[in-house]
Amino acid sequence: PADRSIRLGHLDAARAELDRLAEVRGSDDPEVLYLRGRLEAARVGASQGGSIRAAFRDWSRAAAAGHRGALSELAREGRSEECARRRLAAWALGEARVPAALGPLEDIAQAEPPAPEAANPFEAVRRALEGSARCGAGDLARGAIQAIEAARPAAR
């Protein structure tokens, strides 16, 4: 019911349903975290308050607990046209610290290659003329990939 209310834009009803679900499952349940993130994002989109950072934080926690929907939301946000959302997605996927986040992180990293070397000023000019979409999300994603891979147990 909370998900349906969010999709229909009935955000007060969604909050009430989400509160009931949290009472039954607990506030740290992956589904509760995922839906709380969806509700926060919907509130931001509807100019009814909310916090996009809180949405990404909740999705990150849900993804860390194995919620596939939360991981999908973060992957979708990683393809956003908005730089701030791409950065938040890279951060949240990295914070989840799960191997399942590697694919979306690699997509973000590939979409925004590393900064050109200072020794090649022509490359910097070319990127500027092409309207490079560099905003730091790729750098965050590459750092998160390294951290997740370093934490993985060595293969035997």
For Arg15 and Glu40, run salt bridge (Lys or Arg N to Asp or Glu O under 4.0 Å): C-alpha distance rounded to whole Å, both residues' side-chain angles, the deciding distance at 0.1 Å, then the answer. CA-CA 10 Å; Arg15 172 149 327 272; Glu40 284 296 308; 3.6 Å; yes
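- The pair Glu23-Arg20 does not count as a salt bridge, with every side-chain nitrogen at least 4.0 angstrom from each carboxylate oxygen.
- Other residues sharing a hydrophobic cluster with Leu8 under the 4.5 Å side-chain heavy-atom criterion for ILVMFWY residues do not exist; the residue is a singleton.
- Between the His10 side chain and the Ala13 main chain, no donor and acceptor come within less than 3.5 Å of each other.
- Ion pair Arg76/Glu73 flagged as a salt bridge, since at least one NZ, NE, NH1 or NH2 atom sits closer than 4.0 Å to an Asp/Glu carboxylate oxygen.
- Judged as a salt bridge (Lys or Arg N to Asp or Glu O under 4.0 Å), and not counting sequence neighbours, the contacts of Glu82 are Arg85.
- The pair Arg87-Glu112 does not count as a salt bridge, with every side-chain nitrogen at least 4.0 angstrom from each carboxylate oxygen.
- The shortest side-chain heavy-atom distance between Ile148 and Leu105 falls under the 4.5 Å cut-off.
- Residues satisfying the side chain to side chain donor-acceptor pair (under 3.5 Å) test with Asp139, not counting sequence neighbours, are Arg134, Arg142.
- With respect to the salt-bridge test (charged N to carboxylate O, under 4.0 angstrom), the residues Arg79 and Asp107 do not qualify.
- Residues passing the side chain to side chain donor-acceptor pair (under 3.5 Å) test with Arg4, sequence neighbours excluded: none.
- Residues passing the side-chain contact (heavy atoms from CB on, under 4.5 Å) test with Ala147, sequence neighbours excluded: none.
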Listing, residues 47-57 side-chain donor-acceptor contacts under 3.5 Å, not counting sequence neighbours, or none:
residue: Ser51; atom: OG; partner: Arg53; partner atom: N; Å: 3.4
residue: Ser51; atom: OG; partner: Ala54; partner atom: N; Å: 3.1

Kindly indicate, with the supporting measurements, whether the criterion side chain to side chain contact (heavy atoms under 4.5 Å, CB included) is fulfilled by Leu93 and Leu102. CA-CA 8 Å; Leu93 287 161; Leu102 288 171; over 6 Å; no
